[in-house]
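Structure record follows, encoded as structure tokens.
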Protein chains: 2
Amino acid sequence: MQPDAIDRKLLKLLQENSKQTNKELSLQLNLSVTAVYERIKKLEKTGIIHRYVAIVNKEKVDKGFVVFCQIKLVQHTKEYLTKFEKEVMALQEVMECYHISGEYDYLLKILVKDMAAFREFMVTKLTTLQHIGSTQSSFSINEVKCETVLKV
Amino acid sequence: MQPDAIDRKLLKLLQENSKQTNKELSLQLNLSVTAVYERIKKLEKTGIIHRYVAIVNKEKVDKGFVVFCQIKLVQHTKEYLTKFEKEVMALQEVMECYHISGEYDYLLKILVKDMAAFREFMVTKLTTLQHIGSTQSSFSINEVKCETVLKV
DNA sequence: ATCTACATGATGAAAATAATTCAGTATAAA
DNA sequence: TTTATACTGAATTATTTTCATCATGTAGAT
């Protein structure tokens, strides 16, 4: 399915605020409520809209300290990669993990309360993972941009 | 406000799927519909729930190529930092931008269609930004984990 | 210890609002 | 002409929101 201009605007609106009623959306799109309803259902069915979620303010729940950690494994066998990925999946502080090209093998985005919590995470969890060669951590000094709206 | 165990479970459910009805939530939480309703309103009012959004499948809208780009500025004056940040804000391919500690100054998460689109972005947008010293790009080979649920 | 006042958080019923279905119309492509 | 697609407004169904009320625990006065 190829979204048209109206679908693209609808996607923008829903990515910004999914709690808008179909009536509110219909006014912004110059369509009837039913037409909006059917377009949304189509976007859901085709998987373009994957799901709807609540976004939690990380500062308010003591997860305002953001760390990016690059990791090198000692070897690149399939076994080592798979084992590492499985272990990372289980760590709740790791919000994102990418296998990347370049000097390091993985890039992790880690959310914790503060530096002390990061130290604790580092010592008790990250460095206990198997087959890790070296790590390199960068702390977020300022979140300049964090966009959730994909411009389609 | 300090969320209790019920609030934490509610936050987990809403972060996983914000389209559940209060009735569905009430069954999972062993509460009345109204009690669920009031807890949600409270979480919204205190700002713990920041907003509700639709998540779009990036592969389905030709944004499946993920690049992390680290950037060093030629100087670290306030003027240069501010100008760079302002310019980055305007680039729709840049989904996230953090001012970070370490060798590089900024880490950017960039979403484009493919390598050709990244090359185009690099040549026509990124390298035309003022005061950039050097850049270092890593491509995502595999998205191992991408969690949106903050465990509270 | 007992009583009272107050705050908090729960409940079910009722009212208000929104989502969903449906019958019918218009348009464009085969 | 037939078919498919996308639209509309009205009717129906489901959900959210409001409201009156109840239960519980705490702090202060007796």
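In this text the structure is predicted, and so the values were computed from the model without any measurement. Convention: sequence-line order gives letters A, B, ...; per-chain numbering from 1.
Rounded to an integer number of Å, the gap from B:L25 CG to D:dA14 P is 18 Å. Atoms CD (B:Q2) and P (C:dG9) sit 13 Å apart, rounded to a whole Å. Rounding to whole angstrom units, CD1 of residue A:I40 and P of D:dA6 are separated by 15 Å. Here the C1' atom of nucleotide C:dT8 and the CD1 atom of B:I6 are 13 Å apart, to the nearest Å. The nearest whole Å value for the distance from the CE atom in B:M1 to the C1' atom in C:dA7 is 16 Å. For the pair A:L29 CG and D:dC7 P, the interatomic distance rounds to 10 Å; values are reported in whole Å.
In this structure, the nucleotide among C:dG9, D:dC7, C:dA10 sitting nearest to the side chain of A:L31 is D:dC7.
Taking only side-chain nitrogens and oxygens, B:K42 never comes nearer than 4.0 Å to OP1 or OP2 of C:dT8.
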- Task: Produce a footprint string for nucleotides 14-27 of chain C: one letter per nucleotide, 5' end first; B if the base is under 4.0 Å from any protein heavy atom, S if only the sugar-phosphate is, - if neither.
- Result: ----SSBBB-----
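Minimum heavy-atom separation, B:M95 to B:Q92: SD-O, 4.1 Å. Pairing each heavy atom of A:Q28 with each of A:Q20, the nearest pair is NE2-OE1, 2.9 Å.
A:R39 has its side chain within reach of A:D4: a pair of non-hydrogen atoms, C-beta onward, lies under 4.5 Å apart.
Qualifying side chain to side chain contact (heavy atoms under 4.5 Å, CB included) partners for B:M122, counting only residues two or more places apart in sequence or in other chains: B:F118, B:L126, B:T127, B:T135, B:S137. A:Y80 meets the ring-ring contact (aromatic ring centres under 6.0 Å, His included) test with A:H131; sequence neighbours excluded. By the salt bridge (Lys or Arg N to Asp or Glu O under 4.0 Å) test, A:K63 is found to be paired with no residue, residues two or more places apart in sequence or in another chain being considered.
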Distance-only criterion, 3.5 Å: show the donor-acceptor pairs between side-chain atoms of residues 105-116 of chain A and protein atoms not counting sequence neighbours.
| unit_1 | atom_1 | unit_2 | atom_2 | d |
| --- | --- | --- | --- | --- |
| A:D105 | OD1 | A:H76 | NE2 | 2.8 |
| A:D105 | OD2 | A:L73 | N | 2.8 |
| A:D105 | OD2 | A:H76 | NE2 | 3.0 |
| A:Y106 | OH | A:E85 | OE2 | 2.7 |
| A:K109 | NZ | B:E96 | OE1 | 3.2 |
| A:K109 | NZ | B:Y98 | OH | 2.9 |
| A:D114 | OD1 | A:A116 | N | 3.3 |
| A:D114 | OD1 | A:A117 | N | 2.9 |

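Summarising the local packing, NE2 of B:H99 is surrounded by more than 12 heavy atoms from other residues, nucleotides or ligands at distances under 6.0 Å.
A rotation axis mapping the C1' atoms of four pairs onto the next four is fitted at both ends of the helix from C:dA1-D:dT30 to C:dA30-D:dT1 over five pairs, and the angle between these axes is 20° to 10 degrees.
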